[in-house]
Amino acid sequence: MSDSDLQQPLAQARSQIALWQGRAAAAGRTLRNPPPEPTSCCGRGCNGCVWEGYYGALGFWLEDAAEALASN
């Protein structure tokens, strides 16, 4: 993936992380750390790119965050 291909989804991902961490802080809850952003993308659009794995892991993290805050 090129840098320009990553900017919008990455900005959205960061925004979602901040949103859920803010909700958790307001509720006095602690969430597990979100997945770390990849640092090893070669930019060639590989099948199974590290960014695909990151966004998959982030999806699970967002589900876990929603569950954790729903079960007060």
Does anything in residues 55-65 pair up under salt bridge (Lys or Arg N to Asp or Glu O under 4.0 Å), and if so which pairs, sequence neighbours excluded? R32-D64
What residue pairs, at least two apart or across chains, pass salt bridge (Lys or Arg N to Asp or Glu O under 4.0 Å) with a residue in residues 17-27? none
OG1-CD distance between T30 and Q21, expressed to the nearest 0.5 angstrom: 10.5 Å
Of C46, C41, P9, the residue whose pairing with W51 passes side-chain contact (heavy atoms from CB on, under 4.5 Å): C41
For L62, the side-chain contact (heavy atoms from CB on, under 4.5 Å) test, sequence neighbours excluded, returns Q16, W20, L58
Are any side-chain N or O atoms of R29 and backbone N or O atoms of A68, one a donor and one an acceptor, separated by less than 3.5 Å? yes
Residues which pass side-chain contact (heavy atoms from CB on, under 4.5 Å) with A57, listed by chain and number, not counting sequence neighbours: P35
How long is the straight-line distance from CG of L10 back to OH of Y54, given to the nearest 0.5 Å? 6.0 Å
Is there a side chain to side chain contact (heavy atoms under 4.5 Å, CB included) between I17 and W61? Walk through the geometry before answering. CA-CA 9 Å; I17 291 168; W61 184 86; 4.1 Å; yes
With R14 via salt bridge (Lys or Arg N to Asp or Glu O under 4.0 Å) - residues at least two apart: E37
